[in-house]
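Just so it is clear, the structure is predicted and the values come from calculations on it, not from any experiment. Chain letters run A, B, ... following the sequence lines, proteins first, then strands; residues in each count from 1. Heavy atoms only: backbone and side chains are in, while hydrogens, waters and symmetry mates are out.
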There are 2 protein chains.
Amino acid sequence: MDIEKKVYRTPDGLPVDIAIFTILSREQPSSYRTLAHRELNVLLVKRSRDSEAFPGYWALPGGFSGENETLAEAAYRELKEETNVDNFVRIEQVKTVYYPGRDPRGWMPSVVYCALVQERHLLNLAADTDAEEAKLFTIGEALEMTLAFDHHELLQDTLEHVRHMMMSTTIASEFLPEEFTIRELYQVIQAVVPSFEEDIANFKRNLLATKTRKGLICESVGANGEPRTSDRHSNRPAQLYRFSGYEPSISIYNSGIF
Amino acid sequence: MDIEKKVYRTPDGLPVDIAIFTILSREQPSSYRTLAHRELNVLLVKRSRDSEAFPGYWALPGGFSGENETLAEAAYRELKEETNVDNFVRIEQVKTVYYPGRDPRGWMPSVVYCALVQERHLLNLAADTDAEEAKLFTIGEALEMTLAFDHHELLQDTLEHVRHMMMSTTIASEFLPEEFTIRELYQVIQAVVPSFEEDIANFKRNLLATKTRKGLICESVGANGEPRTSDRHSNRPAQLYRFSGYEPSISIYNSGIF
DNA sequence: CTAATAGTGTCTGTGAGACATTATTGA
DNA sequence: TCAATAATGTCTCACAGACACTATTAG
């Protein structure tokens, strides 16, 4: 174990890349209040024209983590640089990659994070569809582009990770306000996992009235116990709900929790 | 982006630690063939007495990944060094950690892997309960020890990861022979996730006869279509099954697949 | 025979899925 | 009134959970 005598340090720390996701909603043109269209987007940045590697290509934002910060702090720093949002959004580590040749400049692993950011924190980015350096793309668009390095694959892996989390945890809350309608929750899930399809009436009942899921979300009530509602998306007000913090652990082997 | 002008390379690559799990089974002393007791174990190694950091402490095995190999290859190499098992076992990346102070020697991140190894590949280790450098400990024992660095926390995180995978994927197969009985599968799940408790009769029926899980495992049959059985654990032979490769995707929001 | 485990049968209440129906609001 | 969405109701079949029961083997 003579390696322990050496000094361990890279000049720039460990590279950290971050896939920043948001769900953009478009109101449908209609004279009535109607459901919004929601679509998952990801933030990409354009590499400078005089970059040594992949100049002018779009890529996931990234940077280097220093020796005086955690990896998550480096990811947050990168997030803040690109979007100006602060630590109140949730980030998740996805994976770490290295294989020979993934960066033409040499030994360059990458710790990949993802962030789930509410649309309202990205209003300037969402509006600026012609931005030159940082821009939101729909997942469909992003996956069709030729991205720098192996970022296409990283994006795919990250997407799969987010989809899995969407179905097995309550991260849907990251894309929703504190109080939300059943329909909003339903739309958020579908925006991330399009193959999730269920009759919304049954979705609601299963969520509220079955033993294993009861308590996952609960009705929002005001100070006097009266139900709180929203008419954001319909003329008829809809009941608002909130996540309770309870998160069931599910299994492929039976239908219970463990 | 002037950092792109520099040379990126650490002298020793990225540290990789690996938690190697196995399930040890003990036959119950009885004049009849009876169920074995199965318990999850983890391999720890003892750091040399003249290590610079944590001399003489037990730790997760680890090493450095080079620039000419993938991270997984480095993990496999480490696995082979400690157990002499080859690439046929499955490894999974768990997480990557770094925070200031996690290693007294300086900047030292770690990519944590876990490996799921069948007991029969570790017979020498399992037998040698007084080994000085590498030894299997039950999870209970390992979590009560004061391990080197932050390996206690890494072990806990890894354990949680494995438990989650045990319930949401078919990695139980890594701890089982190609053909196994329902009871063996049941015991493997319980060895990893003790809180999983279900009437074994119902377990079997739910696994074989419900729409969302049908096809997960299927009956093992011989050349002539006759059912293959085993009397490893009972006088009465039990039907053997095998995983089919199908893996349902489950959700906390309903009981279907997506 | 007994001891052990494998496997089957049955009954009940709950839940999933399909679908129809009613309710509530703004314009 | 209409258009949209919210919310409720109903019916059937699947299935989870509890538990008793039978079957098969070695010794």
Legend entry - Below 4.0 Å: OP1/OP2 of D:dA7 and any side-chain N or O of A:K204: yes

Legend entry - Side-chain donor-acceptor pair present, B:T229, B:Q239, cut-off under 3.5 Å: no

Legend entry - Parallel, tilted or perpendicular: ring planes of A:Y253 versus B:F203, cut at 30 and 60 degrees: tilted

Legend entry - Base of C:dG15 paired with side chain of A:R213 (donor-acceptor, under 3.5 Å): no

Inset, instruction - For A:L35 and D:dA3, give me the distance from atom CG to atom C1', rounded to whole Å. - result: 13 Å

Inset, instruction - List in numerical order all residues of residues 215-254 of chain B for which some heavy atom is under 4.0 Å away from an atom belonging to DNA chain D. - result: B:N235, B:R236, B:P237

Legend entry - Side chain of B:N202 (C-beta onward), nearest among C:dT8, C:dG15, D:dG17: D:dG17

Legend entry - Distance in angstrom units between B:L208 CG and C:dG9 P, rounded: 14 Å

Inset, instruction - Going by the side chain to side chain contact (heavy atoms under 4.5 Å, CB included) test, name the single residue among A:V162, A:L155, A:L159, A:L136 that passes it with A:V42. - result: A:L155

Inset, instruction - Output all residues satisfying salt bridge (charged side-chain N to carboxylate O under 4.0 Å, His left out) with B:E153, sequence neighbours left out; order by chain, then residue number. - result: none

Inset, instruction - Take A:I182 and B:T212, find for each the nucleotide of DNA chain D with the closest heavy atom, and name the residue whose nucleotide sits nearer the 5' end. - result: A:I182

Legend entry - Value in whole Å for how far the C1' atom of C:dT5 lies from CD of B:E184: 13 Å

Inset, instruction - Answer with base, sugar-phosphate or nothing: what part of the nucleic acid does B:I200 contact at a heavy-atom distance below 4.0 Å? - result: nothing

Legend entry - B:E184/B:R232 ion pair, N-O < 4.0 Å: yes

Legend entry - Distance, rounded to the nearest Å, where B:F196 contributes CZ and D:dA16 contributes P: 12 Å

Legend entry - Interatomic distance, A:L207 CG vs D:dT8 P [rounded to whole Å]: 14 Å

Inset, instruction - Kindly indicate whether the side chain of A:R205 and the base of C:dT14 share any N or O donor-acceptor pair separated by less than 3.5 Å? - result: no

Legend entry - Distance, rounded to the nearest Å, where A:R183 contributes CZ and D:dA7 contributes P: 10 Å

Legend entry - Phosphate OP1/OP2 of C:dT5 contacted by B:T34 side-chain N/O (<4.0 Å): yes

Legend entry - Test: A:K95 and A:D157 ion pair at under 4.0 Å: yes

Inset, instruction - Give a yes-or-no answer on whether the side chains of B:N41 and B:E141 include a donor-acceptor pair shorter than 3.5 Å. - result: no

Legend entry - Listed nucleotide nearest any side-chain atom of B:D199, set C:dA16, C:dT14, D:dC19: D:dC19

Inset, instruction - Check the distance between C:dG17's P and A:F203's CZ and give it to me in whole angstrom. - result: 13 Å

Inset, instruction - For B:A209, answer base if it contacts any base atom (sugar-phosphate contacts may also be present), sugar-phosphate if it contacts only those atoms, and nothing otherwise; contact means non-hydrogen atoms under 4.0 Å. - result: sugar-phosphate

Inset, instruction - Check whether any side-chain nitrogen or oxygen of A:N206 sits under 4.0 Å from OP1 or OP2 of C:dA16, and answer yes or no. - result: yes

